[in-house]
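Numbers for residues simply follow the sequence, beginning at 1. The figures here come from the full heavy-atom set of this structure, side chains too, leaving out hydrogens, waters and symmetry mates. Atoms within a ligand are numbered from 1 in the order they appear, just like the ligands themselves.
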Amino acid sequence: MKTNQFISQNELDEQKRIALALSKEIEPRGLTFFVETFGCQMNVRDSETIKGWLCEIGYTEAEDKESADFILFNTCCVRDHAEKRLMGNIGALKELKDARPSTIIGVCGCMMQQEGVAKKLLKRFPHVSLVFGTNVLHRFPSMLQTVLNGERIAVTDRADDAIAEGLPKMRDNLRSAFVNIMYGCDNYCSYCIVPYVRGRERSRRPEDVKREIVSLVSSGISEITLLGQNVNSYGNDGSTGMHFADLLRYVSDVPGLRRIRFMSSHPKDLNDDVIRAIAEIPNVCHHVHLPVQSGNNEILKRMNRRYTREHYLSIVQRLREAVPDIEFTTDIIVGFPGETEEAFNDTMSLVKEVGFAAAFTFAYSPRQGTVAARMEDQISEPVKKQRLSALNTLQAEKTVENNEKYIGHVGEVLVEGCDCRGEATMLYGKYPNFKMVYFPGDPILLNRYVTVKVTKTNKNSLLGEMIHA
Ligand code: SAH
Ligand code: SF4
Ligand code: F3S
């Protein structure tokens, strides 16, 4: 059995003391922050912690980047597109720093955890003074203190990938929240940088997860999304005494918790216990984000995904039998090294066969240090582009098809937002199975549950009417 390292209460108390001391200087000066987040839900969740610290330190949130005294980019490096965007963004802040030298500019997140990047960044951008990685968020007050004292620092150590509990957080969303159940990833899919930048896989203690959910629900949140790179392997290392299906049952009885979502699911670990849990637990939503990546067995093997097309399809089939209204969404990579036209067509045929509600599709992007980046038979950019576009066209047709079966559907929707630009105010929100519907209504219904009937479809979306609030 494995045990996880935890950041000690003493260390945390020390950071809280530093935060309090800083707030005595910062608060009276009315200083503000702006945090911009790139990448996935993990980063969104980390930004909530950093913003939580900034509030404890006495900053308030700025309206925009230009007026902020502290600007931070939380970065992603999963594809090279993300990197290029970031460099442009940082470069653009030089003028701002020249005009107002007291502004502190920081960069954090996954990209800073890549070999040598943090130091390189400090060198290349003299206007950046704070750089830190993904596993030192618990030390944010002391890092900021150093910078406020005039030093420029880069902190990217791993601290044995210890888990930090009890950090502050600032959440924007009053309806729905992300809750980490695990950190890191050990799967080493051959194309993926995440295991290198996020460290080894470790699961939080079930009681810590539940405590966080109880506190969220008591603050009015009724929908939570359990987060992990591979939630189905929760506790597989023996460190928690519970597997994912047990965790779902364990947290599901929190009074007032109406919707439990989770992501991402790795097909290799989605077993019958999880299928039963989704079918049996009333507040677990009937939606699985199940990245398939490719429909071809040779490519899946080279990707080191450790399942076959047949296994994937059998999960989909078993879930549909157990949970008839379930919807699937997925991630797909095209143009992986060695992907022949035939292999690509296997992905196309899988997409036809499954009928995903939505697919997030990507052209393969070589990441330095990964196995796939060193593979021969890299696919040319024009071919990747052409395959991506063919796949997107197919998925768009499947989305329309999927939408059509919803005409007449009645179900509960959690109102997420409103579009007030047209003649009538349109509210929107999701059914438990992740399908989004638009309907006319009053914005006071925001964050509430209403019953909506689908009356027509409109290319990408469902349109409906409220049958009661
Ligand atoms: N842990 C999740 C995925 C996290 S990354 C899972 O395994 O399902 C989100 C998505 O980015 C992946 O599912 C994959 O489709 C895509 N992705 C990751 N690395 C990539 C790369 N090098 N090139 C293109 N897409 C990539
Ligand atoms: Fe990357 Fe694979 Fe881990 Fe997902 S499971 S984060 S794709 S290595
Ligand atoms: Fe990007 Fe890091 Fe997520 S690399 S996809 S932000 S885990």
Can you confirm whether E63 is buried at CD, in the sense that more than 12 heavy atoms of other residues, nucleotides or ligands lie under 6.0 Å from that atom? no
Which one of R306, Q229, Q293 has a non-hydrogen atom at the shortest distance from atom 6 (S) of ligand 2? Q229
With sequence neighbours left out, write down each residue that passes ring pair (Phe, Tyr, Trp, His ring centres under 6.0 Å) with H266, or none if nothing qualifies. Y307
Any side-chain heavy-atom pair of Q317 and L313 under 4.5 Å: no
Examine the proximity of ligand 1 to A363 and report which part, side chain or backbone, both or neither, has a heavy atom under 4.0 Å away. backbone
Atom 2 (Fe) of ligand 2 has as its nearest protein heavy atom C189 SG, 2.3 Å
Closest protein heavy atom (residue, atom, distance) for atom 16 (C) of ligand 1: R79 NH1, 3.2 Å
Residue part near ligand 1, for F362, under 4.0 Å between non-hydrogen atoms: side chain
Distance under 4.0 Å to a non-hydrogen atom of C192: what atoms of ligand 2 satisfy this? 1 (Fe), 6 (S), 7 (S), 8 (S)
Rounded to the nearest 0.5 Å, what's the gap from NZ on K65 to CZ on F73? Could you check? 4.5 Å
Does the ring centre of Y438 sit less than 6.0 Å away from the ring centre of Y428? yes
For Y191, take its heavy atoms, then give the atoms of ligand 2 lying under 4.0 Å from any of them. 7 (S)
Looking at atom 7 (O) of ligand 1, what's its closest protein heavy atom, distance included? R305 NH1, 3.4 Å
What lies under 2.8 Å from atom 3 (Fe) of ligand 3, restricted to protein N/O/S atoms, is C40 SG
Could you list the atoms of ligand 2 found under 4.0 angstrom from a heavy atom of H266? 5 (S)
Donor-acceptor contact below 3.5 Å, side chain K119 vs main chain A154: no
Decide whether E11 and Q15 meet the rule of one side-chain donor and one side-chain acceptor closer than 3.5 Å. no
Quick check on Q229 - does any of its heavy atoms sit under 4.0 Å from an atom of ligand 3? yes
Looking only at protein heavy atoms, which one is nearest to atom 8 (O) of ligand 1, and how far off is it? P291 CG, 2.9 Å
Report yes if D331 has an N/O atom closer than 3.5 Å to an N/O atom of ligand 1; otherwise report no. yes
Under 4.0 Å from a heavy atom of V194: which atoms of ligand 2 are those, numbered in the order shown and with their elements? 6 (S)
Just need the protein heavy atom nearest to atom 15 (O) of ligand 1, so name the residue and atom and give the distance. Q293 OE1, 2.7 Å
What's the separation between atom OG1 in T32 and atom CZ in F34, rounded to the nearest 0.5 Å? 10.5 Å
So if I count the atoms of ligand 2 from 1 in the order they appear, which ones are less than 4.0 Å from some heavy atom of P195? 8 (S)
Side-chain donor-acceptor contacts of residues 272-280 below 3.5 Å, not counting sequence neighbours, with atom names and distances?
residue : atom : partner : partner atom : Å
D272    : OD1  : R318    : NH1          : 2.7
D273    : OD1  : R276    : NH2          : 2.7
E280    : OE1  : R249    : NH1          : 3.2
E280    : OE1  : R249    : NH2          : 3.1

Which residues pass the ring pair (Phe, Tyr, Trp, His ring centres under 6.0 Å) test with F33, sequence neighbours left out? none
Does only the side chain of V78 get under 4.0 Å from ligand 1, or the backbone, or both, or neither? Count heavy atoms. both
May I ask you to check if ligand 1 and S265 share an N or O to N or O distance below 3.5 Å? no
For the side-chain contact (heavy atoms from CB on, under 4.5 Å) test, which of V292, L350, L388 pairs with I332? V292
Closest non-hydrogen protein atom to atom 19 (N) of ligand 1, residue and atom name please, with distance? Y191 CD1, 3.3 Å
Can you tell me if NZ on K301 sees more than 12 non-hydrogen neighbours from other groups inside 6.0 Å? no
For residues L121 and M112, report the shortest heavy-atom separation together with the two atoms involved. CD1-CE, 4.1 Å
Taking the side chain as C-beta and beyond, is there a heavy-atom pair between M111 and M87 under 4.5 Å? yes
Can a non-hydrogen atom of R305 be found less than 4.0 Å from any atom of ligand 2? yes
Atom 22 (N) of ligand 1 has as its nearest protein heavy atom S365 O, 2.8 Å
Between the main-chain N or O of H286 and the side-chain N or O of N433, is there a donor-acceptor pair closer than 3.5 Å? no
Enumerated ligand 2 atoms positioned under 4.0 Å from heavy atoms of C185: 3 (Fe), 5 (S), 6 (S), 8 (S)
Working to the nearest 0.5 angstrom, can you tell me the gap between I299 CD1 and F336 CZ? 6.5 Å
Below 4.0 Å from any atom of ligand 1, is there a heavy atom belonging to I333? yes
Using a distance-only test with no angle check, is there a side-chain donor-acceptor pair under 3.5 angstrom linking N392 and T361? yes
Within ligand 2, which atoms have a heavy atom of Y188 less than 4.0 Å away? 8 (S)
Judged on heavy-atom distance to atom 3 (C) of ligand 1, which of H266, M263, Q229 sits nearest? Q229
Per-atom filter on ligand 1: closer than 4.0 angstrom to a heavy atom of R367 are 22 (N)
Under the 3.5 angstrom rule, does the side chain of R258 hit a backbone N or O of L414 as a donor-acceptor pair? no
